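Excluded from the calculations below are hydrogen atoms, water molecules and symmetry mates; all remaining heavy atoms, backbone and side chain alike, are included. Computed from a predicted model, the values in this text were never measured in an experiment.
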Amino acid sequence: MQRVFRRDIVHYGRWLKASTLHWTDSTGKKRTWDCADRATRSGDIDGVAILALLQHPGQEDQVVLVKQYRPPADLMCVEFPAGLADHGERPEECALRELREETGFEGVCTHASPIVFADPGLAGTCFRLVTVMVDGTKEPNRNPQPHPDEGEELEVFTVPLHRLYSTLGDLDKDPQIAVDAKVWHFAYGLQFASQHSIH
């Protein structure tokens, strides 16, 4: 049975920790694996990503996205709003707080995914994708005012669902811009479903 039987922490920083994992494979052979994890987790997830849909009567839903510089990529990255969970905070609470802080939008949670892993070959970082419906006719959402954390510089923008895939393709032509995998996978899923008449 495959399992990790020891974790040696080789670096512990404010936000991240690096470890060497000692594990056994299906034959019982002992192996090692280097990985990184968040140093801030206090519950069963590190945080949330937020699929926020801005809605106006008679109009197509728009996806709320943010663009921000990410030093590890050394690029401006197009992402879903997201953030780390505070101690004892439920995923839905975290999603509404982070959406309000990063974009100024307020909404209602309609779905939370199972726990998912972003890059399990590299890190144990995990999160839930929370869907939030944003009523564009309500006062806070007519002129949303973000309140980002110190050091966060975010550009908030929205894209109609049917144009998301093509918009990301256009953005990707800029060598200074990268698209986060979660956003790209969502957009491609929409495109694939449309092309193959999947409803």
Side-chain angles (χ1 to χ4, degrees), residues 12-19 35-55 61-73 76-120 122-159 161 164 168 178-187 189-190:
Y12 206 109
R14 180 183 177 189
W15 300 105
L16 296 174
K17 59 184 177 181
S19 304
C35 76
D37 290 292
R38 296 272 186 188
T40 52
R41 185 191 299 180
S42 60
D44 60 355
I45 58 172
D46 294 288
V48 299
I50 306 153
L51 172 57
L53 297 178
L54 178 62
Q55 300 178 308
D61 290 355
Q62 298 186 63
V63 183
V64 179
L65 299 173
V66 297
K67 188 191 299 180
Q68 62 180 316
Y69 175 72
R70 291 297 196 182
M76 297 294 293
C77 292
V78 177
E79 309 171 356
F80 290 132
L84 301 177
D86 290 340
H87 179 72
E89 192 173 42
R90 294 187 298 108
E92 294 83 358
E93 293 171 335
C94 179
L96 294 179
R97 175 180 57 78
E98 287 288 350
L99 183 66
R100 186 168 55 250
E101 290 176 1
E102 292 195 352
T103 72
F105 286 119
E106 298 184 9
V108 176
C109 295
T110 60
H111 181 264
S113 76
I115 295 175
V116 292
F117 290 78
D119 193 350
L122 173 67
T125 302
C126 61
F127 63 96
R128 292 183 189 269
L129 177 64
V130 180
T131 303
V132 177
M133 297 300 180
V134 178
D135 185 344
T137 66
K138 290 193 173 181
E139 184 58 38
N141 302 322
R142 293 177 184 173
N143 183 30
Q145 300 297 317
H147 300 282
D149 292 334
E150 192 279 326
E152 280 189 317
E153 298 180 32
L154 303 166
E155 176 187 337
V156 182
F157 64 106
T158 62
V159 181
L161 279 172
L164 181 60
L168 296 180
V179 178
D180 180 83
K182 294 182 287 296
V183 178
W184 187 267
H185 294 161
F186 175 72
L190 292 177

Quick check for you: to the nearest 0.5 Å, what is the distance between [X] atom [atom1] and [Y] atom [atom2]?
| X | Y | atom1 | atom2 | answer |
| --- | --- | --- | --- | --- |
| E92 | H111 | CD | NE2 | 10.0 Å |
| W184 | L164 | CH2 | CG | 9.0 Å |
| L122 | D37 | CG | CG | 9.0 Å |
| F186 | L65 | CZ | CG | 9.5 Å |
| E98 | I50 | CD | CD1 | 6.0 Å |
| L154 | H147 | CG | NE2 | 13.0 Å |

Would you say the side-chain atoms of E79 and Q68 include a donor-acceptor pair closer than 3.5 Å?
yes

Is it the case that Q55 and D61 place a side-chain donor and acceptor less than 3.5 Å from each other?
yes

Distance-minimising heavy-atom pair for [X] and [Y]:
| X | Y | result |
| --- | --- | --- |
| E106 | N141 | N-OD1, 2.8 Å |
| V156 | V64 | CG1-CG1, 4.2 Å |
| V48 | C94 | CG2-SG, 3.6 Å |
| P144 | T103 | CB-O, 3.5 Å |
| R128 | S113 | NH1-O, 2.9 Å |
| V134 | A52 | CG2-CB, 4.4 Å |

Is there a side-chain contact (heavy atoms from CB on, under 4.5 Å) between Y69 and E153 once you walk through the steps?
CA-CA 8 Å; Y69 175 72; E153 298 180 32; over 6 Å; no

Under 3.5 Å, is there a donor-acceptor pair between the side chain of D46 and the main chain of C126?
yes

Determine whether a donor-acceptor pair (N or O, by modelled atom type, separation under 3.5 Å) exists between the side chain of R100 and the backbone of P146.
no

Is there a side-chain contact (heavy atoms from CB on, under 4.5 Å) between L161 and L53? Walk through the geometry before answering.
CA-CA 9 Å; L161 279 172; L53 297 178; 4.2 Å; yes

Audit row: I115, F127, side-chain contact (heavy atoms from CB on, under 4.5 Å) steps and yes/no:
CA-CA 6 Å; I115 295 175; F127 63 96; over 6 Å; no

D180 and F80: CA distance, side-chain angles, deciding distance, side-chain contact (heavy atoms from CB on, under 4.5 Å) verdict:
CA-CA 8 Å; D180 180 83; F80 290 132; 5.5 Å; no

Positive for side chain to side chain contact (heavy atoms under 4.5 Å, CB included) with V132, one of L54, V108, L96:
L96

Is any side-chain heavy atom of L84 closer than 4.5 Å to one of R38?
yes

Salt-bridge criterion met for R97 and E101 (N-O under 4.0 Å):
yes

